[in-house]
Amino acid sequence: MTDSVERRRSFLINTAYFVLLIGMFYLFMRFAFWPLFPFIFAFFLAMIFQKPVNFIEKKTPLKKGLTSFLITTLAALALAGLLILLSTKVVTELKGLVDTLMAFFKDIPDFILKAENWLLALSAKLPNALRAALSPMIIDLADRLLAAFEEGAAAEPLKISGLGIDISTLLTPLSGVISTASKLPSAIVAIVITFIATCFITADYDKIVIFIKRQFPAKKREALSRTKSLTMSTISKMAKAYLLIICITCTELVIGLGALKVLGIYNGGYIFTIAIITALVDILPILGSGTVLIPWGIGSLFMGKIGLGIGILIIYVIISVLRQFIE
């Protein structure tokens, strides 16, 4: 009887403990994570900066505080310069890309009709029973898509509600500027806080680590150090791997689209922007580069641009094969 009571008591205590932990985690993520994110990110950066800071401190007479400030400043300037170069190139091409997408959306009804005719031609080769069942379905689906497109275009020229496509924000620079400007103060404050916190945490990193370790029993400190080393090593390897994949995918697309342009198959521009967007989509779970390239290639085939469609699909196959090899 006593054992049964003890087991129940132990079960209730453990359940309450885990419920409390889950509740605290939820409250932290819900209310405290974003206000504390600059400091969390600053601590992560301080861990990265420790090796160069310690190296410079040993090789020069500079103190760790000044070295931390210099390293943080150089890293911030390098990141800002890279973002400015990339954003300048992307923004320059983005307006033209949006115009091209608008022209593509205008051709959607023609694309739907060609796809309908192609599917009807295929169904004509099937047995009579299957053809009689599939043909009305194909025609009904095409009519529904055309009606949805026309309804959305008539309601708001820049919003195709029936197809769930809304690109109006891309074509209203003023509203975009206003929306972005309204978020600038909080973003600037977060960047400044992160910069200052990184400088101080990098300079006092050893003291902070010692203080944190003191909060754990002696047996747990070694496990904590191993966990930290393993986590940083894993994050570093994953970051390098994904950065390598992004660079390779982007390079493949630039070379592939550039080759199609030289051959006269691809007459558009915005190669750099398309390459960056596709490379970023490629590293996302589930999606991959096929999310961009497969619809583009198949759509080009339906629109009668056989060479472009085949070229895009070949680029996709090459990217997929090399991606698997790299992984």
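Position 1 is the first residue of the sequence, and the numbers go up from there.
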Asks: Between L253 and L293, is any pair of side-chain heavy atoms under 4.5 Å apart?
Replies: yes
Asks: Would a hydrophobic clustering, with Ile, Leu, Val, Met, Phe, Trp and Tyr connected at side-chain separations under 4.5 Å, put I212 with V209?
Replies: yes
Asks: Is it true that D206 and K64 make a salt bridge, defined as a side-chain N closer than 4.0 Å to a carboxylate O?
Replies: yes
Asks: Should the heavy atoms of other residues, nucleotides or ligands under 6.0 Å from CZ of F195 be counted, would the total exceed 12?
Replies: yes
Asks: Could you tell me which non-hydrogen atom of T251 sits nearest to which non-hydrogen atom of C247, and how far apart they are?
Replies: OG1-O, 2.7 Å
Asks: Between side-chain atoms of residues 275-290 and protein atoms elsewhere (two or more places apart, or another chain), which donor-acceptor pairs fall under 3.5 Å?
Replies:
residue	atom	partner	partner atom	Å
T278	OG1	I274	O	2.7
D282	OD1	S289	N	3.0
D282	OD1	R323	NH1	3.2
D282	OD2	T249	OG1	3.3
D282	OD2	R323	NH1	2.9

Asks: Atom CG in L70, atom OG1 in T202: separation rounded to 0.5 Å?
Replies: 11.5 Å
Asks: Under the side-chain contact (heavy atoms from CB on, under 4.5 Å) criterion, do K261 and I271 qualify, and how do the steps go?
Replies: CA-CA 10 Å; K261 192 173 183 66; I271 293 176; 4.0 Å; yes
Asks: Can you check side-chain contact (heavy atoms from CB on, under 4.5 Å) on K207 and I210, steps first, answer last?
Replies: CA-CA 5 Å; K207 296 178 181 178; I210 292 173; 5.8 Å; no
Asks: A quick test of your reading: do over 12 heavy atoms of other residues, nucleotides or ligands sit less than 6.0 Å from CZ of F28?
Replies: yes
Asks: Measure the CE-CH2 distance between M29 and W34 for me, rounded to the nearest 0.5 Å.
Replies: 8.0 Å
Asks: What distance do F55 atom CZ and T60 atom OG1 have between them, rounded to the nearest 0.5 Å?
Replies: 9.5 Å
Asks: Under 4.5 Å between side-chain heavy atoms, hopping through other hydrophobics if needed: is there a path connecting I318 to V292?
Replies: no
Asks: Consider only side-chain heavy atoms of I, L, V, M, F, W and Y, link residues closer than 4.5 Å, and tell whether I208 and F44 are in one cluster.
Replies: yes
Asks: Decide whether I255 and I314 are clustered together by the hydrophobic rule: side chain heavy atoms of Ile, Leu, Val, Met, Phe, Trp, Tyr closer than 4.5 Å, transitively.
Replies: no
Asks: In terms of relative ring orientation, are Y205 and F43 parallel, tilted or perpendicular, with 30° and 60° separating the classes?
Replies: tilted
Asks: Does F211 offer a backbone N or O that forms a donor-acceptor pair with the side chain of Q215 under 3.5 Å?
Replies: yes
Asks: If you look at every heavy atom in I201 and F39, which pair is closest and at what distance?
Replies: CD1-O, 4.0 Å
Asks: Could you measure the distance from the CD1 atom of I191 to the CZ atom of F41? Nearest 0.5 Å is fine.
Replies: 10.5 Å
Asks: Between S68 and V53, what is the shortest heavy-atom contact and its length?
Replies: OG-CG1, 3.9 Å
Asks: If you count heavy atoms of other groups shown closer than 6.0 angstrom to CZ of F69, is the number above 12?
Replies: no
Asks: Output the distance between atom CD1 (I245) and atom OH (Y242), rounded to the nearest 0.5 Å.
Replies: 6.5 Å
Asks: Checking the side chain of D140 only, and the main-chain atoms of P136 only, is there a donor and an acceptor separated by less than 3.5 Å?
Replies: no
Asks: Does the side chain of I315 reach to within under 4.5 Å of the side chain of L260, using non-hydrogen atoms?
Replies: yes
Asks: Enter the distance from R144:CZ to L141:CG here, rounded to the nearest 0.5 Å.
Replies: 8.5 Å
Asks: Give the minimum heavy-atom separation between I312 and L257, together with the two atoms involved.
Replies: CD1-CD2, 3.7 Å
Asks: Taking all atoms of both residues into account, what is the closest heavy-atom pair of A42 and T194, and its distance?
Replies: CB-O, 3.9 Å
Asks: Between T67 and K63 (side chain of the first, backbone of the second, donor and acceptor by atom type, cut-off under 3.5 Å), is there such a pair?
Replies: yes
Asks: If you group Ile, Leu, Val, Met, Phe, Trp and Tyr by side-chain heavy-atom gaps below 4.5 Å, do L79 and L243 land in one group?
Replies: no
Asks: Anything under 30° is parallel, anything over 60° is perpendicular, the rest tilted; go ahead and classify F33 against F37.
Replies: tilted
Asks: Of all heavy-atom pairs between W296 and L308, which one has the smallest distance, and what is that distance?
Replies: NE1-CD2, 4.2 Å
Asks: Would you call K240 and L244 a side-chain contact if the rule is heavy atoms closer than 4.5 Å?
Replies: no
